[in-house]
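One structure is given below, encoded as structure tokens.
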Amino acid sequence: MVRMRRSLFLIVSFVVCTAVQAVAVSVVSASDLDSLTHQFNLNEVEVTARRREEPVIPVQKLSGSRLQALSTQSVADAVRYFSGVQIKDYGGVGSMKTIDVRSMGSNHLGVFYDGIEIGNAQNGTVDLGKFSMDNIEEIALYNGQKSEIFQPAKDYGSAGTLYLKTRRPRFNDGKTYNLSITMKAGTFGLANPSILYEQKLTESIHLSANAEYTYAHGRYHFRYRRVLPNGTVAWDTTAVRHNGDVQAGRAEVGVFGYLPEGKWHIKGYYYQSEKGIPGAIVNNVWTNSQRQWDRNAFVQGNFTQRVTRGYDVQVNAKYSNDRMRYLNPDTTLMYIDNVFTQQEVYLSMAHRVALLGQNSVFRNIDHSTRQYIEMVNWDISLSADWQWNYLDGNLANFVFPERNTVLAAAATQVYWKYLKAQASVLGTFIFDKIHQPTLTTPTAYKQKPQFTPAVFLSYQPVLREEFFLRAYYKRIFRMPTFNDLYYTDVGNISLLPEYTTQYDGGVQYDKRWQDGVCRAVSVKADGYFNQVKNKIVAIPKGNGQYRWQMMNLGYVEIRGCDINASTTFDLTHDVLLTVAAAYTYQKAQDLTDPNEMTYGGQIAYIPWHSGSATVNMMWRGLSVNYAFVYVGERYHNSANIPANHEQPWYTHDVSISYDLPTRPRLHFAIEINNLLNQQYDIILNYPMPGINGKGIIRITI
Amino acid sequence: MIAFVHRLLSASAFSLLSATAVLFTSCRHDEPVIPVEEEQHGDTVRNEITGFYLLNEGNMGSNKATLDYYDYATATYSRNIYAEANPDVPKELGDVGNDLKIYGSRMYAVINCSNKVEVLDARTCRRIGQVDIPNCRYITFDGQYAYVSSYAGPVSTDASRAQIGYVARIDTADLQINGTCLVGYQPDELAVANGKLYVANSGGYMQPDYDSTVSVIDLATFTEAKRITVAKNLWRVRADKYGKLWVSSRGDYYNTPAKLYCIDPHTDQVTDSLDVAVSAMDIVGDSLYACATAWDYIRYEDVVTYTIINTRTHETLNRNFITDGTETQIQKPYCVKVNPLTRDIYVSDAKNYVNPGMLHCYAPDGTLKWSVRTGDIPAQIAFLTQSRHHAITR
């Protein structure tokens, strides 16, 4: 009852918020348009320039000092602060961490590293726990797709997209090199040294080299307890999480080139790790012994060039080679020693032409027409990608799947007065080949060509105000993975793609002041409706225990809203205070089968309410940060019965850092996470760590 | 006007922040022992069989092996009774409940992934103790001993890493293992007939090179006396009232279909084979009730059969013992059990192994009497009889 009342209050508050915003919207729309148009004409050039930067599509970004202030070990830890995101974390430094954006499933999220997607043709899962925050400068999450039309066709190909951007070399005060050495150490036996070296090879060619080593024994105490209805303890057990050790090395080298009308970069990446898989804690089993080895290597490059005024071209290329070994040495279970190697080759070319606007390709036009043309910015783009994937494995009856993917995208973008619009269509053509051990020639499977559209609109009613109304529609799919289609006995070659359709409407308001106490306010709110059709699920088949078959059976509808708000105060004595909050409401219903009790139930592990809040206070070199993450009650199955109920969890993290402005520069930080030592599971039977901490020292020369 | 808008929006930003603050007070509380849920189903029946337990397997890693109980006297179905009956046991019954039998006044639950046989008081469901056996599968009894099959025998040192299974002999008096006997690969069910123990070896870890033998163990010496070659991937073995053994083969899921075999324990020969797929079976009187799912690679769905075989004549009496068309409600029949006194038929539905299952009760004529939601993957049923009940209370 108490909870109900709280939820009710929450809903009421939310409705009030939205209503206020709606009123605001109508007020603006009804305001005197004439004078605004007048202003627009006066400041046309400036306005156009500024509007170009403003994304059509909502983006959530963490970068710079705010990112540094949050205590994050892996990318997954940072992504928790975004709205609409649910993290699946199996606990510990080395454990698998995936994210699910707006409940569409983690396979619908595209993860891009320095502009090129990290693929996993085998099972579609990108483990964000493997990506260290050490050299990441910015994390950006786009619902739908990136607000850009000059991009590879692949960037249109996911329902949500996460961009991880590593640091680009920057040289201040005439320096020709930078060197920075960092040491992090903390609980779980964490030792995490890293080094970054940047060298100005020539004025226009810069080199960056970065290496990192991570070790953790991964042990931590966890506690499970149950109480009787009268409040007395039924049982209370504390144990140590074992087999969560990790050892990982990462090395990256990048060369960045700057041309008069373009730029290029090449990057090599190598990651290798060995880790224990701590496993589920069940009755009579308090430790597990499974191991996993990963080796990921890739080389990728980008070349962007302005060919002529109004016409730009970019080329992207990548080769990756990923090896994964899984070992179950536990003789009480089936012995497994599997090795999989994946290879990927990727080539992409994208073109953008500015048809109308200041940078239009049409130069030789008379002055009056030109003025008219510059009223409107109209760009079109075309991009084409080719990708080849191959999976090698040592399983019995393995079919060595091979895939050729051709992606072609056409997109257009119009900025006209108050309106910005983007539209794109993506064509996907997939050709698979499998090599059955019994057959001498490979078998070819051509997947049905897919065409998927997206439309994005943004409207700025008042030109002087950073107030935007926006909406988007996007239809996209995920292809069945190699495992879905061809895994021995489980795969189903007749699987169709899993489609998502997104409808989103939202508002955004930003305001900055040059003086006063309150320096900035930003509010974003989006409501959305998503459908996931043909959801690929495993169903039991035939005679025997736990034999599965992949089928296109599921249907899920998601209704939700994401709200973000932040504000910055300039208090006296150089104290800067930033408060940010994100809130997500999601109703994600399993509507697969009306005859099942799961019909209409909230899908597994999706909370109705979740959110985060961060408070950061900066005073000269000192930064104090507090972060709170909240995930409300959930069920671990879409049968929403007491036996499947999962409690809310929430963590308080604090960190303090200090920068000494000496030469060389020194940076110290202390982080304490889960300050109140909450004992919780995100995934059933995978206990998360209690209070933990870390110290950081960085020296920059 | 703009200033007004701005003020409104700032206000909404702060009300949002306060709303978030309110939300965050929706806190964790102490995790309660999951309470028993009771439902009334069917009519009250009074005879020697006072009720039955149902063991829910629970998907691997979920630690959701649970016990349900149906009481005939009150026609009450009680879901998830173990936790309340044993509130002091950390992490409750365990992970993957594979077999359940009542012997004497005690009930034995074989909890596969918790590597233990849980021993309970059959009447109160109170825990008496546990016997640790890694990867334990099925249990049977003879005299003062319980016999439990296990996959976790020695692993061969060669590249195949083949792992032989064994049978553990437990003294029911002190719940100690007092002997083990190696058998074939991945042994599943076992049954006693003619003074010998018969163990169905599956070889399930060795796909596609399944085992195809039944191990015959001499009970007096507790050593493997011989192997009988039957068919690939054996699973169930049950003795009928004529002393014959019925052994099911899962086949290889491709070219070799699932079948049912009959072994004469006096000659240790396979005497008959029937083209009947068996996932679950129960023998009552002269009737062998079997249900099975066979995967149809053309239609990409399961084909389900509910069969009755006469154990005396070996004739298939009925290809669908559910007569009122309600079998369409069953997605994945997982367990069949027949009340020997009333001849009511119980068929459980494991659904998709992740959602809660169902238990359906059919009258002897095959018409649906009632249905109830169970735990996850309802797998085994054991009847509780009054005489045993008395044995306890006396």
Side-chain angles (χ1 to χ4, degrees), chain A residues 3 6 9-10 13-14 16-17 20-21 23-24 27-28 31 224-229 234-235 237 280 282-285 331-335 462 465 509 511 521 523 539-544 563 565 567 581 583 596-598 609 611 613 630 632 637 639 641-643 647-650 684-685, chain B residues 1-2 5-6 8-13 15-17 19-20 22-28 30-34 61-63 80 87-95 113-116 134-135 152 155 161 163 205 207 250 253 258 277 279 292-295 302 332 350 352-356 373:
Chain A
R3 198 196 301 134
R6 274 178 194 146
F9 178 73
L10 175 82
S13 328
F14 170 60
V16 169
C17 285
V20 166
Q21 276 147 5
V23 168
V27 167
V28 173
S31 68
Y224 281 115
R225 74 197 281 271
R226 290 285 183 279
V227 297
L228 294 170
W235 54 267
T237 290
V282 300
N283 175 286
N284 216 26
V285 180
T331 54
T332 69
L333 298 165
M334 183 174 170
Y335 178 84
V462 186
E465 292 289 323
Y509 179 69
K511 183 79 182 171
V521 170
V523 186
I539 62 142
K541 72 166 179 185
N543 177 19
I563 304 173
T567 176
Y583 166 73
E596 288 295 324
M597 69 168 303
T598 52
H609 305 286
Y630 176 89
N637 178 276
I641 55 172
Q647 296 239 27
W649 63 266
Y650 36 94
L684 178 68
N685 301 325
Chain B
M1 188 51 103
I2 301 294
V5 169
H6 158 234
L8 269 180
L9 288 171
S10 317
S12 64
S15 56
L16 164 76
L17 285 175
T20 334
V22 169
L23 157 77
F24 293 153
T25 59
S26 182
C27 295
R28 276 177 92 81
D30 283 327
E31 193 87 56
V33 170
I34 293 176
S62 71
N63 197 46
N80 202 353
D88 51 346
V89 179
K91 286 271 170 189
E92 299 92 26
L93 186 54
D95 196 31
C113 293
S114 284
N115 301 324
K116 65 164 186 182
N135 209 340
V155 178
R161 307 223 23 144
Q163 186 175 23
Y205 286 177
Q207 180 191 7
R250 298 175 178 101
Y253 313 117
S279 316
T293 42
W295 184 253
D302 274 331
K332 181 84 189 172
N352 63 358
Y353 293 156
V354 180
N355 295 342
R373 171 162 64 85

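To find a chain, count down the sequence lines: A is the first, B the second, and so on, and within it residues start at 1. Below, all heavy atoms of this structure are taken into account, side chains as well, without hydrogens, waters or symmetry copies.
- Checked by atom type and distance alone, the side chain of Asn63(B) pairs as donor or acceptor with a backbone atom of Asn283(A) at under 3.5 Å.
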> Tyr224(A) and Glu31(B): side-chain contact (heavy atoms from CB on, under 4.5 Å), yes or no, with the steps?
Replying inline: CA-CA 9 Å; Tyr224(A) 281 115; Glu31(B) 193 87 56; over 6 Å; no

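- Interface remark: Met334(A) contributes backbone and side-chain atoms alike to the contact with chain B (heavy atom separation under 4.5 Å).
- Using a 4.5 Å cut-off between heavy atoms, Thr598(A) contacts chain B through its side chain alone, with no backbone atom that close.
- Among Ser114(B), Ala152(B), Pro356(B), the residue making the largest number of heavy-atom pairs under 4.5 Å with chain A is Ser114(B).
- The CZ atom of Arg28(B) sits 7.5 Å away from the OH atom of Tyr650(A) when rounded to the nearest 0.5 Å.
- With a 4.5 Å cut-off on non-hydrogen atoms, Gln163(B) touches chain A through its side chain but not through its backbone.
- Residues Arg373(B) and Ile641(A) form a side-chain contact, since some pair of their non-hydrogen atoms from C-beta on lies under 4.5 Å apart.
- With respect to chain B, the highest number of heavy-atom pairs below 4.5 Å among Ala280(A), Ala643(A), Ala234(A) belongs to Ala234(A).
- Both the backbone and the side chain of Val227(A) come within contact range of chain B, each with at least one heavy atom under 4.5 Å from a heavy atom of that chain.
- A donor-acceptor contact shorter than 3.5 Å is absent between the side chain of Asn115(B) and the backbone of Thr332(A).
- Per-residue counts of heavy-atom pairs under 4.5 Å with chain A were compared for Val155(B), Leu93(B), Ile34(B), Asp30(B); the largest is that of Asp30(B).
- Note on Val285(A), Asn685(A), Leu228(A), Thr237(A): by heavy-atom pairs under 4.5 Å with chain B, the leading option is Asn685(A).
- Among residues two or more places apart in sequence or in another chain, the ring-ring contact (aromatic ring centres under 6.0 Å, His included) test is passed with Trp235(A) by none.
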